[in-house]
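Notes for the one structure printed next.
Worth knowing before you read on, the calculation uses all heavy atoms, side chains too, and leaves out hydrogens, waters and symmetry mates.
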Protein chains: 2
Amino acid sequence: MNASNDQQDIKREKILEASYQRFLHYGYSKTTMNEIAGDLSMSKALLYYYFPDKSELYMAVMRKLANDYLKQLEDKLGHFTDLREAFLFQVNTHHDFIVSNYNFFDFFRLNEQNLPDTIWETVGQIRGAEIKLLANAIQAEVEKNNIKPVANPIEIVEVFLDALHGIKVGGSLPHKKLNFPHKEHLDEIHNKRLLLIDIFVKGLK
Amino acid sequence: MNASNDQQDIKREKILEASYQRFLHYGYSKTTMNEIAGDLSMSKALLYYYFPDKSELYMAVMRKLANDYLKQLEDKLGHFTDLREAFLFQVNTHHDFIVSNYNFFDFFRLNEQNLPDTIWETVGQIRGAEIKLLANAIQAEVEKNNIKPVANPIEIVEVFLDALHGIKVGGSLPHKKLNFPHKEHLDEIHNKRLLLIDIFVKGLK
DNA sequence: AATTTGATAGTTTTGTTAAAAAAGTCAGGA
DNA sequence: TCCTGACTTTTTTAACAAAACTATCAAATT
């Protein structure tokens with residue numbers, strides 16, 4: 001066992017923090033390893049001592065963010081008094097998560113496809129946690145006889161999450177290249193999602 | 001007044017038909033004016049006699065398709081016995097429309113952005129007709145006291161259409177570059193949409 | 001006069017190559 | 001074990017020529 005693991009971990013954290021700031025401001029492709037190293041007053045080679053390559057570094061930052069988000073969801077798992085509250089919690093938490101890390105996800109707006117496939121693992125993990133949270137809430141409501149039994153809670157939650165994801169802005173004049181919502185539209189989208197929750201939850205009753 | 005307008009219109013139709021076949025098989029950017037002209041055994045210059053440019057030709061084909069679709073919707077406008085029937089009709093008609101013209105919309109999957117802005121007019125027109133159909137159905141139900149009054153039917157329909165649009169496949173393992181659904185997934189998506197209708201319509205009651 | 005075309009002009013896409021920038025490696029120092 | 005400067009390899013960018021395609025037009029045909 002290595003006695004200096006603490007020191008290593010601290011340095012790793014510092015690297016993650018500096019990288020996060022760069023990625024947040026400039027996105028993945030406009031951030032260079034030299035710049036990150038420069039911010040930390042260390043050599044670029046040292047970065048490669050701690051992380052195998054650039055995309056793994058990005059992934060590590062992403063995983064940290066994802067873990068914070070997952071923790072928020074899991075802390076509340078099973079502590080809801082009704083279904084609407086659970087759905088609201090999910091949507092609000094998600095909204096806050098996106099808003100506060102908006103620029104970090106630049107690469108989703110542009111198609112910076114040069115990212116590792118393992119990123120979809122993390123995305124899938126997040127989705128899994130969301131599904132678990134909501135399916136659990138539905139199950140609890142069924143057992144309390146607040147809503148009628150459903151054949152497959154997970155299927156319903158998946159449709160719900162997809163539906164949420166489809167909510168966009170610009171109803172009358174559709175915009176052409178809409179990959180990722182624009183920052184100033186996030187609140188409007190959030191409001192529409194709240195409306196969807198009202199209808200959807202009522203439909204399950 | 002020109003006596004040969006009929007002949008012109010017939011030729012225009014022939015051009016539209018040939019162009020449709022080409023666009024359907026090869027998409028916009030992989031279809032050349034020479035090829036269309038070749039299919040019709042006419043000179044390329046003649047195409048430019050009938051249509052101002054390539055994108056306007058594509059638009060003309062698109063408008064023809066859109067008109068067929070709009071006609072289907074408008075024929076049924078106001079002839080529904082209940083809300084669910086109206087929503088089902090919209091989703092099924094839309095599904096058939098996409099399936100039968102799938103390859104024509106290639107340029108939506110790839111980002112063939114070199115299309116005229118006026119295309120969004122047509123897209124908006126379609127969306128407008130869909131909204132009109134469904135908002136009308138909701139209003140009718142309200143007046144028959146089958147569902148409770150709603151503040152803004154259009155807002156609800158917009159959320160519904162967005163939600164439909166968000167339904168994708170690959171719940172567990174999200175796929176990276178999902179712009180437009182893959183052809184073999186259309187049926188699965190359609191089924192999920194039917195589930196969404198069940199819940200949504202019930203939520204409006 | 002309305003249609004049609006061959007020839008051609010103008011523009012966009014594609015392919016090539018060289019220089020610059022960035023990613024990634026490594027032998028060796030502290 | 002941690003760290004660096006110098007180095008190699010890979011990717012991005014820019015410039016430019018060739019090819020492909022769009023679009024135009026004067027002249028021929030009906």
Side-chain angles (χ1 to χ4, degrees), chain A residues 1-16 18-19 22-23 25-62 106-107 110-119, chain B residues 1-16 18-19 22-23 25-62 106-107 110-119:
Chain A
M1 180 68 66
N2 187 341
S4 67
N5 262 344
D6 291 351
Q7 277 306 320
Q8 269 208 0
D9 288 350
I10 286 172
K11 184 146 283 189
R12 267 210 186 77
E13 273 305 311
K14 288 230 189 284
I15 293 173
L16 288 177
S19 304
R22 280 280 169 188
F23 289 139
H25 283 311
Y26 304 108
Y28 181 79
S29 70
K30 291 295 185 186
T31 295
T32 74
M33 297 298 263
N34 268 322
E35 288 166 344
I36 295 173
D39 290 347
L40 294 159
S41 304
M42 59 171 60
S43 73
K44 178 178 59 172
L46 190 52
L47 289 182
Y48 284 94
Y49 177 78
Y50 285 97
F51 295 93
D53 61 28
K54 185 183 176 183
S55 64
E56 281 302 319
L57 174 56
Y58 184 87
M59 280 299 302
V61 177
M62 171 112 176
D106 246 21
F107 75 96
L110 318 174
N111 34 337
E112 308 196 29
Q113 281 341 49
N114 43 347
L115 290 166
D117 284 348
T118 53
I119 206 166
Chain B
M1 181 66 64
N2 188 341
S4 66
N5 264 341
D6 290 351
Q7 278 305 320
Q8 270 208 359
D9 288 349
I10 287 172
K11 185 147 280 192
R12 268 212 184 77
E13 273 305 311
K14 287 228 187 285
I15 293 173
L16 288 178
S19 305
R22 278 280 168 187
F23 289 140
H25 284 309
Y26 304 108
Y28 181 79
S29 70
K30 292 295 184 188
T31 295
T32 72
M33 297 298 265
N34 267 322
E35 288 165 344
I36 295 173
D39 291 347
L40 294 159
S41 305
M42 59 172 60
S43 73
K44 178 176 56 173
L46 190 52
L47 290 181
Y48 285 94
Y49 177 79
Y50 284 98
F51 294 93
D53 60 30
K54 186 184 176 183
S55 65
E56 280 302 319
L57 173 56
Y58 184 87
M59 279 300 302
V61 177
M62 170 113 176
D106 245 23
F107 75 95
L110 320 171
N111 34 335
E112 308 195 31
Q113 283 339 53
N114 43 346
L115 291 165
D117 285 348
T118 53
I119 206 167

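The side-chain contact (heavy atoms from CB on, under 4.5 Å) test applied to A/Asp39 returns A/Arg22, not counting sequence neighbours. Partners of B/Glu56 under the side chain to side chain donor-acceptor pair (under 3.5 Å) rule, at least two apart in sequence or in another chain, do not exist in this structure. Listed by chain and number, the residues in a side chain to side chain donor-acceptor pair (under 3.5 Å) with A/Asn34 amount to none (sequence neighbours excluded).
Contacts of residues 35-44 of chain B with DNA chain C (heavy atom under 4.0 Å): B/Met42, B/Ser43.
Remark: A/Lys14 NZ to A/Met42 CE distance equals 9.5 Å, nearest 0.5 Å. Rounded to the nearest 0.5 angstrom, A/Ser19 OG and A/Met33 CE are separated by 7.5 Å. How far CD1 of B/Ile36 is from OG1 of B/Thr32: 7.0 Å, rounded to the nearest 0.5 Å.
The closest donor-acceptor contact from the side chain of A/Lys54 to the backbone of A/Thr31 lies under 3.5 Å.
Nucleotide C/dA22 holds its P atom 16 Å from the CG atom of A/Leu57, rounded to whole Å. One interatomic measurement links the two molecules: NZ of A/Lys54 to C1' of D/dT9, which rounds to 16 Å at whole-angstrom precision. Distance, A/Met33 CE to D/dT4 C1': 15 Å, rounded to whole Å. A/Asn34 places its CG atom 17 Å from the P atom of C/dA20, with the value rounded to the nearest Å. Spacing between atom CD of A/Glu56 and atom C1' of C/dA23 amounts to 15 Å, rounded to whole angstrom units. If you take NZ of B/Lys30 and C1' of D/dC21, they are 12 Å apart, rounded to a whole angstrom. Atom CG of A/Leu46 is separated from atom P of C/dC26 by 17 Å (rounded to the nearest Å). One atom, NZ of B/Lys11, and another, P of C/dT5, lie 7 Å apart when rounded to the nearest Å.
OP1 or OP2 of D/dT1 has not a single side-chain nitrogen or oxygen of A/Gln8 nearer than 4.0 Å. At C/dG24, one or more side-chain N or O atoms of A/Tyr48 fall inside 4.0 Å of OP1 or OP2 (strictly under the cut-off). Not one side-chain nitrogen or oxygen of A/Tyr49 sits closer than 4.0 Å to the OP1 or OP2 atom of D/dT4.
End-to-end axis angle for the helix from C/dA1-D/dT30 to C/dA30-D/dT1, using five pairs per end and rounding to 10°, comes out at 30°.
Residue pairs meeting the ring pair (Phe, Tyr, Trp, His ring centres under 6.0 Å) criterion with at least one member in residues 29-62 of chain A, sequence neighbours excluded: A/Phe23-A/Tyr58, A/Tyr28-A/Tyr58, A/Tyr58-A/Phe104, A/Tyr58-A/Phe107.
Residue contacts shown for B/Tyr50 are limited to sugar-phosphate atoms, with no base heavy atom under 4.0 Å away.
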**Asked** Should B/Leu40 and B/Leu46 be marked as a side-chain contact (heavy atoms from CB on, under 4.5 Å) after you check the CA-CA gap, both sets of side-chain angles, and the distance that decides it?
**Response** CA-CA 10 Å; B/Leu40 294 159; B/Leu46 190 52; over 6 Å; no

